[in-house]
Amino acid sequence: MRVAIVGVGGVGGYFGGLLAESGADVVFIARGAHLKALQQDGLSIESNVRPLKNLPIQVTDDPASVKPADLVLLSVKLWDTESALQHAKPLVKPDGAIASLQNGIEAVDKVMAVYGKAATLGGVAHIAALIEKPGVIRHNGTMAKLTLGEVDGGRSARLDAFAALAETAKLELALPDDIHRAIWDKFVFLASFSGLTALTRNSIGPILAEPKTRALYIAALQEACAVARAKGVGLAADHYERALGLSEKLPGSMKASMLGDLERGNKLELPWLSGAVARLGAELGVPTPTHGFIQAALQLAANGRA
């Protein structure tokens with residue numbers, strides 16, 4: 001199986017790098033200073049779990065210049081989704097597949113709109129990682145897990161083929177029957193985690209230790225769960241408690257990538273996280289005051305510093 005990684009940020013760089021290190025046939029699509037550094041010095045990962053130093057990789061900014069892939073993994077920022085889907089077209093074989101590993105809950109529909117249902121997989125990445133500097137990915141904490149699934153559920157030959165690659169690379173991979181629920185599982189956590197860490201400019205440990213910010217975090221989780229259920233997603237009755245329990249097991253220093261973007265003056269994924277909870281809540285008649293406040297409080301920073 002040949003794999004293409006579109007977007008060599010924290011997600012694509014980490015998982016794609018470890019696949020490439022294991023001997024898998026992986027091509028990366030990058031751009032700008034990051035592309036130049038990857039071409040010149042290879043890919044490095046700073047991690048307490050799986051560090052990597054100057055790995056030579058196949059990398060280009062022109063998808064038409066390389067052989068198409070059996071599986072394309074999309075890991076660009078959410079505001080680049082539409083352009084990346086068009087840019088990736090030469091990479092997808094006629095019988096190939098494409099999966100988004102992006103944040104948010106709307107990527108599967110966007111992939112299907114361009115490539116059709118048969119070519120679309122759903123995907124989730126659980127990891128805290130970012131570009132430390134051109135050519136270098138920094139992995140924070142210990143969490144690093146991929147989830148992939150067919151949009152109609154069940155197993156398939158292409159999922160099994162990728163599972164074999166993941167096993168060789170010693171990557172944690174889940175293949176659930178219901179990928180849509182898995183995407184919402186993450187979204188409930190991520191929208192709340194990203195929103196509160198960015199809002200408070202702090203990591204999860206202090207947020208949970210302070211009663212007032214802990215209450216805000218719980219409210220955010222509960223609101224996202226309520227929106228999911230109004231959308232017909234079958235979350236467990238105690239889902240917010242499980243998400244809170246997961247949060248309490250994270251390293252106290254862990255921050256969302258959106259906070260990293262905020263600190264660097266970069267554009268934020270705010271409209272697709274807390275913004276999406278607030279927007280869907282308004283459409284479905286579900287109150288979302290916490291996510292609405294997060295969106296309003298961060299709105300002036302949403303487009304980054306000029």
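Only heavy atoms go into these numbers, but all of them, side chains included; no hydrogens, no water, no symmetry mates. Sequential numbering from 1 along the given sequence is applied to the chain's residues.
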Using only heavy-atom distances, determine whether the side chains of [X] and [Y] contain a donor-acceptor pair under 3.5 Å.
X: Lys77; Y: Asn103; answer: no
X: Asp25; Y: Gln58; answer: yes
X: Tyr217; Y: Ser247; answer: yes

So [Y] and [X], do their side chains get closer than 4.5 Å, heavy atoms only?
X: Leu268; Y: Leu262; value: yes
X: Lys53; Y: Ser44; value: yes
X: Leu85; Y: Glu82; value: no
X: Gln299; Y: Gln295; value: yes
X: Met258; Y: Thr197; value: no
X: Gln102; Y: Leu74; value: yes
X: Arg50; Y: Lys170; value: yes
X: Arg229; Y: His239; value: yes

Nearest 0.5 Å please: distance from the [atom1] atom of [X] over to the [atom2] atom of [Y].
X: Ile207; Y: Leu199; atom1: CD1; atom2: CG; answer: 8.0 Å
X: Tyr14; Y: Leu52; atom1: OH; atom2: CG; answer: 9.5 Å
X: Asp95; Y: Arg158; atom1: CG; atom2: CZ; answer: 9.0 Å
X: Leu235; Y: Cys225; atom1: CG; atom2: SG; answer: 5.5 Å
X: Leu298; Y: Leu273; atom1: CG; atom2: CG; answer: 10.5 Å
X: Lys267; Y: Asp80; atom1: NZ; atom2: CG; answer: 7.5 Å

Original post:
By side-chain hydrogen bond (donor to acceptor under 3.5 Å, both in side chains), which residues pair with Lys67, not counting sequence neighbours?
Top reply: none

Same cluster (ILVMFWY, side-chain, under 4.5 Å), [X] and [Y]:
X: Leu130; Y: Val11; result: no
X: Trp272; Y: Phe293; result: no
X: Val277; Y: Val233; result: yes
X: Ile137; Y: Leu73; result: yes
X: Leu208; Y: Phe193; result: yes

State whether the side chain of [X] and the backbone N or O of [Y] hold a donor-acceptor pair below 3.5 Å, judged by distance alone.
X: His180; Y: Val151; result: yes
X: Asp261; Y: Asn266; result: no
X: Asp178; Y: Arg181; result: yes
X: His87; Y: Asp61; result: yes
X: Ser194; Y: Ala191; result: no
X: Glu150; Y: Asp152; result: no

Non-hydrogen atoms of [X] and [Y] that approach each other most closely:
X: Val111; Y: Ser100; answer: CG2-CB, 4.3 Å
X: Thr60; Y: Ser65; answer: OG1-OG, 3.4 Å
X: Phe28; Y: Gly12; answer: CE2-O, 3.8 Å
X: Glu132; Y: Glu46; answer: CG-OE1, 4.1 Å
X: Arg138; Y: Arg264; answer: NH2-NH2, 3.8 Å
X: Gly104; Y: Phe187; answer: CA-CD1, 3.9 Å

**OP:** Start with the C-alpha distance between Val76 and Val6, add both sets of side-chain angles, then the distance that settles side chain to side chain contact (heavy atoms under 4.5 Å, CB included), and finish with yes or no.
**Re:** CA-CA 7 Å; Val76 299; Val6 179; 4.2 Å; yes

Original post:
Step by step, would you call Val188 with Tyr240 a side chain to side chain contact (heavy atoms under 4.5 Å, CB included)?
Top reply: CA-CA 8 Å; Val188 167; Tyr240 104 79; 5.8 Å; no

[X] atom [atom1], over 12 foreign heavy atoms within 6.0 Å:
X: Arg155; atom1: CZ; answer: yes
X: Asp62; atom1: CG; answer: yes
X: Tyr115; atom1: OH; answer: yes
X: Glu167; atom1: CD; answer: no
X: Asp177; atom1: CG; answer: no

**OP:** Go through the steps for Val8 and Leu35 under the test side chain to side chain contact (heavy atoms under 4.5 Å, CB included), then give the verdict.
**Re:** CA-CA 9 Å; Val8 195; Leu35 169 65; over 6 Å; no

Original post:
Of Leu165, Ile5, Leu121, Val26, which is the lone residue that meets side-chain contact (heavy atoms from CB on, under 4.5 Å) with Leu71?
Top reply: Leu121

**OP:** Could you tell me whether Glu263 and Lys255 have a side-chain N and a carboxylate O separated by less than 4.0 Å?
**Re:** yes

Original post:
If you measure from the Lys or Arg side-chain nitrogens to the Asp or Glu carboxylate oxygens, is any gap between Glu248 and Arg214 under 4.0 Å?
Top reply: yes

Original post:
So Leu173 and Thr147, side chain to side chain contact (heavy atoms under 4.5 Å, CB included) or not? Walk me through it.
Top reply: CA-CA 6 Å; Leu173 174 69; Thr147 301; 5.9 Å; no

Subject >> Result of checking Glu269, His291, Glu223 against Ser274 for side chain to side chain donor-acceptor pair (under 3.5 Å) >> reply: His291

